[in-house]
Every structure is written in C-alpha cells, then in structure tokens.
Asks: 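First, the structure itself, so that you have it in front of you.
Here the structure is a predicted model, which is why all the values come from computation and not from measurement. Quick note on labels: first sequence line is chain A, next is B, and so on, each numbered from 1.
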There are 2 protein chains.
Amino acid sequence: MTDGETDQNVRPTNLGQIIKKARTDLQMSQRDVEEATGKEISNAYLSQLESGKITKPSPHILYALSTVLAVPYETLMERAGYIVPSAQRPADVKHGRAATFAVDNLTADEEAALLDYLAYLRTKKG
Amino acid sequence: MTDGETDQNVRPTNLGQIIKKARTDLQMSQRDVEEATGKEISNAYLSQLESGKITKPSPHILYALSTVLAVPYETLMERAGYIVPSAQRPADVKHGRAATFAVDNLTADEEAALLDYLAYLRTKKG
DNA sequence: AATGCATGCTAAGTCTGTCAAGCACTAACT
DNA sequence: AGTTAGTGCTTGACAGACTTAGCATGCATT
C-alpha cells in the first residue's frame with residue numbers, strides 16, 4: 001500500500017533514535033533531561049545513547065528515561081535487546097501517541113495553560 | 001537450636017544464594033549449568049555470581065538461568081535490583097497534577113496541537 | 001567584534017560484568 | 001603412590017557501560 005505502512009521486519013528506529021525523538025518531541029535539551037533525571041543521566045551519556053554509541057544501557061537507566069520521556073519502560077527494554085518478562089502486554093500502548101505526551105514534566109503553569117488551550121480547541125470544533 | 005535440620009526453610013534473598021539453592025536443589029554442578037545453558041554462562045562466572053562477587057548480571061544472563069534453574073525470570077530480575085516492568089503500572093506514583101490532565105482522552109490531533117502549543121510556550125519563557 | 005550562554009558532541013578515563021585458563025581440593029580407581 | 005575425573009574457586013585480561021572535563025558551533029546581546 002502506498003506509504004506509511006510499517007514493515008515489522010525492518011527496524012529503522014533503534015534505541016537511540018527512539019530516545020532522541022521522544023526528547024525532541026518534548027522540546028527538551030539533553031541537559032534538560034539530565035536535570036529531569038536528577039543528574040542520574042548525564043548529557044554526555046545521553047548523547048552517546050542517542051548516537052548509538054551505547055546500545056545496551058542498564059535497565060535502571062532505561063527506567064529513568066521512560067519516566068522522564070514518557071515512553072513505556074518495556075519498549076525501551078525491548079529495544080535495548082533485553083528479554084521482557086513474558087507478561088507481554090501488546091496492548092499496553094493503548095493510546096500510543098498520547099503516551100508520548102510527558103505530562104510529568106509540565107509545570108503547574110504550563111498545565112494550566114494547556115488545559116485552557118485544550119478547552120478552547122474543543123469549544124471550537126464542537 | 002536443636003533444629004537438627006539445616007535451615008533450608010528460609011528463603012534466600014540474595015541473588016547469589018537464590019541461584020545456588022536452585023542449582024543444588026536440582027543436583028546440578030556449576031559445570032552442569034554451564035552445559036545446560038549451552039556455554040552461555042561459564043562455570044567460573046557462575047561461581048562469582050553465587051558468591052556474590054557479581055551483583056548485577058545482565059538480564060539475558062538472568063533469563064538463561066531462569067530457564068535452566070526453573071526460577072521465574074522476574075524473581076531474578078528483582079533480586080538483581082532491576083525494576084520489573086509489571087511493577088510499573090499500578091504505582092505511577094508521582095503524578096498528582098498529571099491526574100487532572102486527561103491525556104487519555106486526547107485525540108491525535110489534539111495532542112499534536114497541544115505539543116505545538118507547549119513548544120510555543122517554552123520558547124516564550126525560555 | 002566580543003562576550004556570554006546554550007546545545008550537542010568528543011576524549012580519556014574508571015568501573016564492572018564477562019570470559020578463558022588454570023589452581024586447589026576431593027574421591028575414586030589401577 | 002599416581003592418575004584421572006569432578007567439584008568450586010581465583011586470576012588476568014578484555015569489552016562495554018558510564019563519568020567528568022572540555023571542545024566547537026550557533027545564537028543572542030552589548
């Protein structure tokens with residue numbers, strides 16, 4: 001079919017690319033992430049992760065990233081080549097795209113502004 | 001005292017002890033395990049694992065052990081100090097204000113719009 | 001121009017998991 | 001005794017994750 005269909009066999013998005021996309025989607029710099037993780041992950045290390053120089057970071061690193069970047073932990077584990085406990089939940093990503101919305105990182109002001117804006121959007125389209 | 005039998009009833013809590021008990025329960029030698037894993041885990045390494053010299057083996061090592069020794073993968077992961085994916089969902093502790101944000105109900109369009117708007121907000125205030 | 005700051009990235013080092021080889025001990029068997 | 005085989009354990013080296021300090025560019029302000 002035209003384009004846009006996903007070829008499961010091909011894996012163009014490796015761990016680093018996933019992380020980078022999640023981060024840039026949130027408009028965060030590498031140092032922002034470093035801060036958000038409480039210095040748990042240095043910006044230098046992040047750079048190496050995103051550039052693919054490091055392919056198998058420790059799970060606790062992946063966990064920190066998953067919370068900050070709002071990407072499911074299991075996804076990162078899987079992309080890092082780890083076996084995920086057989087409690088495989090394919091449907092865990094029920095809202096896929098919405099999960100990329102890092103609500104965790106919103107300041108109170110930002111959240112308020114976004115809620116206002118969302119309300120505005122919805123009144124507009126009915 | 002006077003417990004003529006060794007205290008095997010006590011469930012070991014350390015990773016090394018868990019592995020060792022599982023192995024000896026199965027009457028396997030360290031080299032047996034090495035064989036059973038298809039040389040994936042050397043007997044030398046096993047020795048260090050059981051003696052506690054190595055505390056955080058890679059998940060794929062734990063997985064191999066879990067299958068050979070018939071110990072649940074999650075148990076080993078947990079004992080190695082890794083966060084187990086399934087333990088992630090119930091908590092979701094830190095939200096607080098995030099809960100007020102109905103992310104789950106966002107449509108893809110809305111999310112995109114909000115992300116844009118958030119980017120705009122952040123460029124504004126730096 | 002120059003100063004400052006933010007961003008991404010690299011260089012060089014440390015730490016630790018992991019392996020291969022070999023050591024030390026025991027139990028059997030000739 | 002001597003050897004053979006089985007056990008757990010140690011040692012030395014390597015690889016890769018991870019850190020710290022610093023570089024290079026870009027973008028803005030003075």
Side-chain angles (χ1 to χ4, degrees), chain A residues 14-66 68-69 73 76-83 105, chain B residues 6 12 14-69 73 76-83 119-126:
Chain A
N14 58 354
L15 181 65
Q17 291 170 344
I18 288 181
I19 293 173
K20 180 165 192 170
K21 178 173 192 320
R23 176 178 64 80
T24 52
D25 278 356
L26 295 174
Q27 308 282 326
M28 296 178 79
S29 73
Q30 293 178 337
R31 281 177 175 82
D32 285 342
V33 174
E34 171 173 355
E35 273 305 316
T37 61
K39 304 281 191 183
E40 215 174 324
I41 301 174
S42 70
N43 68 81
Y45 185 48
L46 236 195
S47 177
Q48 297 176 70
L49 270 181
E50 293 183 356
S51 68
K53 284 194 171 73
I54 287 173
T55 59
K56 290 179 94 75
S58 177
H60 91 274
I61 294 273
L62 296 180
Y63 183 72
L65 285 177
S66 76
V68 167
L69 300 181
Y73 180 41
L76 298 184
M77 286 287 281
E78 209 171 347
R79 285 296 185 271
Y82 295 133
I83 291 135
N105 297 321
Chain B
T6 52
N14 293 353
L15 180 65
Q17 293 171 351
I18 289 181
I19 294 174
K20 180 165 192 169
K21 179 174 192 318
R23 177 178 62 81
T24 53
D25 279 356
L26 292 175
Q27 318 241 32
M28 297 177 79
S29 72
Q30 293 178 338
R31 281 177 175 81
D32 285 341
V33 174
E34 170 172 355
E35 274 305 314
T37 62
K39 305 279 192 184
E40 213 174 323
I41 300 173
S42 71
N43 67 81
Y45 185 49
L46 236 195
S47 176
Q48 299 176 74
L49 270 182
E50 293 184 357
S51 67
K53 284 195 171 74
I54 287 174
T55 60
K56 292 179 97 74
S58 177
H60 89 275
I61 293 275
L62 296 180
Y63 183 74
L65 284 177
S66 77
T67 67
V68 167
L69 299 181
Y73 180 41
L76 298 184
M77 286 288 280
E78 207 170 349
R79 285 296 118 201
Y82 294 133
I83 289 132
Y120 162 70
L121 281 180
R122 288 184 171 167
T123 60
K124 227 175 48 170
K125 81 176 171 191

Asks: For D/dG6, does the base pair up with any side-chain atom of B/R31 as donor and acceptor (N or O, under 3.5 Å, distance only)?
Replies: no
Asks: As an exercise, state the distance from NZ of A/K20 to CG of A/L69, rounded to the nearest 0.5 Å.
Replies: 13.5 Å
Asks: In this structure, how many angstroms lie between the P atom of C/dC23 and the CD atom of B/Q30, rounded?
Replies: 18 Å
Asks: Check every atom of C/dG17, C/dC9, D/dG8 against the side chain of B/S47 and return the nucleotide holding the closest atom.
Replies: D/dG8
Asks: Rounded to the Å, how far apart are B/N43 CG and D/dT11 C1'?
Replies: 14 Å
Asks: Working to the nearest 0.5 angstrom, can you tell me the gap between A/K56 NZ and A/M77 CE?
Replies: 9.5 Å
Asks: How many whole angstroms separate atom CG of A/D32 from atom C1' of C/dT7?
Replies: 10 Å
Asks: Take the protein atom OH of A/Y45 and the nucleotide atom P of C/dG8, then report the distance between them rounded to whole Å.
Replies: 18 Å
Asks: I need the CZ-P distance between A/R23 and C/dA6, as an integer number of Å.
Replies: 16 Å
Asks: Quick check: do A/I41 and A/L65 have side-chain heavy atoms less than 4.5 Å from each other?
Replies: yes
Asks: Starting at CD of B/E35 and ending at C1' of D/dG6, how long is that distance when rounded to a whole Å?
Replies: 14 Å
Asks: Contact class for B/S51 (heavy atom, under 4.0 Å): base, sugar-phosphate, or nothing?
Replies: nothing
Asks: Between atom CD1 in A/I54 and atom C1' in D/dG16, what is the gap in whole Å?
Replies: 8 Å
Asks: With distance as the sole criterion, do the side chain of A/Q48 and the base of D/dT19 form a donor-acceptor contact below 3.5 Å?
Replies: yes
Asks: A/S58 near the nucleic acid: base, sugar-phosphate alone, or nothing, with a heavy-atom cut-off under 4.0 Å?
Replies: sugar-phosphate
Asks: What's the spacing between A/E35 CD and A/S29 OG if we round to 0.5 Å?
Replies: 9.0 Å
Asks: Assign B/L46 to base, sugar-phosphate, or nothing according to its heavy-atom contacts below 4.0 angstrom with the strands shown.
Replies: nothing
Asks: Contact class for A/E34 (heavy atom, under 4.0 Å): base, sugar-phosphate, or nothing?
Replies: nothing
Asks: Could you tell me the separation between the NZ atom of B/K53 and the P atom of C/dC15, rounded to a whole number of Å?
Replies: 19 Å
Asks: Would you give the length of the straight line joining atom OG of A/S47 to atom CD of A/Q30, rounded to the nearest 0.5 angstrom?
Replies: 5.0 Å
Asks: What does B/S29 touch in the nucleic acid at a heavy-atom separation under 4.0 angstrom: a base, only the sugar-phosphate, or nothing?
Replies: sugar-phosphate
